[in-house]
Amino acid sequence: MARIHWTFPAAVLCLAGALVSGCMLLVPPSPSTTVVDASGREVTLHWEDYPADGAHEPADVLAAPRAEEVEAVGEALLDELQAAVDEHAPGLSWQRDGESGIYPSEENGYGGPSLHRLHNSASATTGTAPADWTALTAVLDGVLADHGYSPIVWSWHRGATEWQTAAERDASIIDQHGTLDPDEMWMWDGMSAKGSMWVSIFVQDPERGAGLDAGAQPGDDELLSLSVGGTVISEADEQAYRDGIAPFEGLERPTPAES
C-alpha cells in the first residue's frame, strides 16, 4: 500500500445576497482515504462504510461474546465476583439494581451506521461496603484476572490530562474523593477491561477516612456496586462486520466527528 490520503469535505457553506445572508451549518460528509493497491490502482475508501467505530479495535469486539450471549456471560461474572466478595466479607445483602440491556450504536462516528451494540448489565449492589478496600481490590482482581481482565484502575490512579496541570488534576481528585490519600477517601470508582468488555466497580462510605462533605453531596449512602458492560456485535452481523472492516485494516482511523 503506497499512499494514504484523507479527505475531509467542507462543513460550512456561507451564502450572501439580497435575500439570504450569513452561514448555513452543514453536517460534514464522511472522510475518505485514498490508497494505492497492489496493482498500482488508486482506491478511495469512504469511512461512512466502516462498520465499527473510531474508539474500538475490531479484533477486541470480535473476541468479545456475541450480543446473543453477552448478558448471560456478564451475569455469570457478576455472580462469581459477588461470591468472592461474600467469602471475603460474609453476611452482605445483595440486590440487582437497574436493568440489563443491549443497545444498537447510532453511528460509527464518520456519518455511517455501525454494527456495534452496547451492553450494560444490571448492577450487583450491597448496602454495606467491606471495611478493607485494599483487600477488596485484591479479591476482585483475582477473579477478574482468571477471566482475562486487567487489574482494576481506580479513578485516582490517573495522571493529569493534556488539558490539566498536575495541580488541577490533584484538585479534581480532592473535589471528588475528599483527599489525595486513597486510605482516607470516602469513595473509590474504577474499571477493569478485557478488550471491548469492562467491569465497573464503585464503593463508598460517607463515614470513611476524611468523610463526605455532606453539604456538597448529601444523600450518599454506604454501598458496593459491580456491573459489566461492553461493545459487541450480534452473531447475525459477524460476517458483514468482518467483510466491512477488511478494506480498512491497517489504516489509521480518522478522528471521529463529535456528536
Side-chain angles (χ1 to χ4, degrees), residues 6 8 11-12 25 27-28 31 52-57 60 81 97-98 103 105-110 114 116 118-121 123 125 127 129-141 144-145 149-231 252-259:
W6 288 350
F8 293 84
V12 177
L25 181 64
V27 176
D53 61 34
H56 296 89
E57 292 295 336
D60 289 339
L81 290 167
D97 288 333
Y103 312 96
S105 296
E106 293 184 358
E107 62 172 62
N108 63 4
Y110 306 117
S114 170
H116 287 172
L118 175 65
H119 167 57
N120 281 312
S121 76
S123 297
T125 302
D132 188 338
W133 293 5
T134 300
L136 172 66
T137 300
V139 168
L140 296 174
D141 273 339
L144 292 167
Y149 281 79
S150 69
I152 299 167
V153 177
W154 298 105
S155 61
W156 38 266
H157 281 142
R158 68 173 176 81
T161 69
E162 60 182 302
W163 302 283
Q164 286 180 313
T165 65
E168 289 170 337
R169 177 265 184 193
D170 289 351
S172 69
I173 295 298
I174 292 172
D175 182 62
Q176 183 178 17
H177 299 280
T179 176
L180 292 175
D181 181 357
D183 291 333
E184 294 295 311
M185 290 178 180
W186 70 274
M187 180 266 285
W188 287 9
D189 60 311
M191 186 170 292
S192 171
K194 177 186 177 182
S196 66
M197 297 293 294
W198 49 263
V199 174
S200 177
I201 304 96
F202 188 89
V203 57
Q204 68 179 33
D205 179 356
E207 303 299 322
R208 182 180 190 264
L212 170 65
D213 182 350
Q217 298 184 40
D220 287 295
D221 298 319
E222 182 179 347
L223 65 82
L224 167 63
S225 181
L226 311 169
S227 62
V228 177
T231 297
E252 183 180 352
R253 295 188 293 270
T255 302
E258 295 185 3
S259 57

Checklist entry - Does the side-chain contact (heavy atoms from CB on, under 4.5 Å) test come out yes or no for Leu144 and Leu81, once each step is laid out? => result CA-CA 8 Å; Leu144 292 167; Leu81 290 167; 4.1 Å; yes

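- In this structure, Ile201 and Ser192 approach most closely via the heavy-atom pair CD1-N, 4.4 Å.
- Between the Tyr110 side chain and the Pro254 main chain, a donor and an acceptor come within less than 3.5 Å of each other.
- Taking the side chain as every heavy atom from C-beta outward, Thr125 and Leu226 never approach each other to under 4.5 Å.
- Using modelled atom types, one finds no donor on one side chain facing an acceptor on the other under 3.5 Å when comparing His119 with Thr231.
- Here the side chain of Thr179 pairs a donor or acceptor atom with the backbone of Asp181 at under 3.5 angstrom.
- The shortest distance between side-chain heavy atoms of Trp198 and Ser227 falls below 4.5 Å.
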Item to check | Criterion side-chain contact (heavy atoms from CB on, under 4.5 Å) on Asn120 and Leu118, from CA distance to verdict | outcome: CA-CA 7 Å; Asn120 281 312; Leu118 175 65; 3.7 Å; yes

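- In this structure, the side chain of Ser150 engages the main chain of Ala193 through a donor-acceptor pair within 3.5 Å.
- Legend: residues meeting ring-ring contact (aromatic ring centres under 6.0 Å, His included) with His116, ordered by chain and number and at least two apart, are His56, Tyr241.
- Between the side chain of His177 and the main chain of Ile174, no donor-acceptor pair closer than 3.5 Å is present.
- A distance-only check finds no donor-acceptor pair linking the side chain of Trp188 to the backbone of Gln204 [under 3.5 Å].
- Using a 4.5 Å heavy-atom cutoff, the side chains of Asp183 and Trp133 are not in contact.
- In this structure, Arg208 contributes its side chain and Met187 its backbone to no donor-acceptor pair below 3.5 Å.
- Side-chain contact check for Ser123 and Asp97: no donor-acceptor pair (N or O, by modelled atom type) lies under 3.5 Å.
- Of the possible polar contacts, one joining the Glu222 side chain to the Ala129 backbone as a donor-acceptor pair under 3.5 Å is found.
- Residues Trp156 and Arg169 approach most closely at O-NH2, 2.6 Å, considering heavy atoms.
- Taking 4.5 Å as the limit, every side-chain heavy atom of Lys194 sits out of range of all side-chain heavy atoms of Val199.
- A heavy-atom distance below 4.5 Å is found between the side chains of Met197 and Tyr149.
- Nearest heavy-atom pair, Thr165 versus Glu168, reported as atom, atom and distance to 0.1 Å: N-OE1, 2.9 Å.
- Pro182 approaches Leu180 most closely through the heavy-atom pair CD-O, 3.3 Å.
- In this structure, a donor-acceptor pair under 3.5 Å is absent between the side chains of Asp53 and Ser114.
- The side chain to side chain contact (heavy atoms under 4.5 Å, CB included) test with Val203 is passed by exactly one of Leu140, Asp189, Leu224: Leu224.
- Here the side chain of Asp141 pairs a donor or acceptor atom with the backbone of Ile152 at under 3.5 angstrom.
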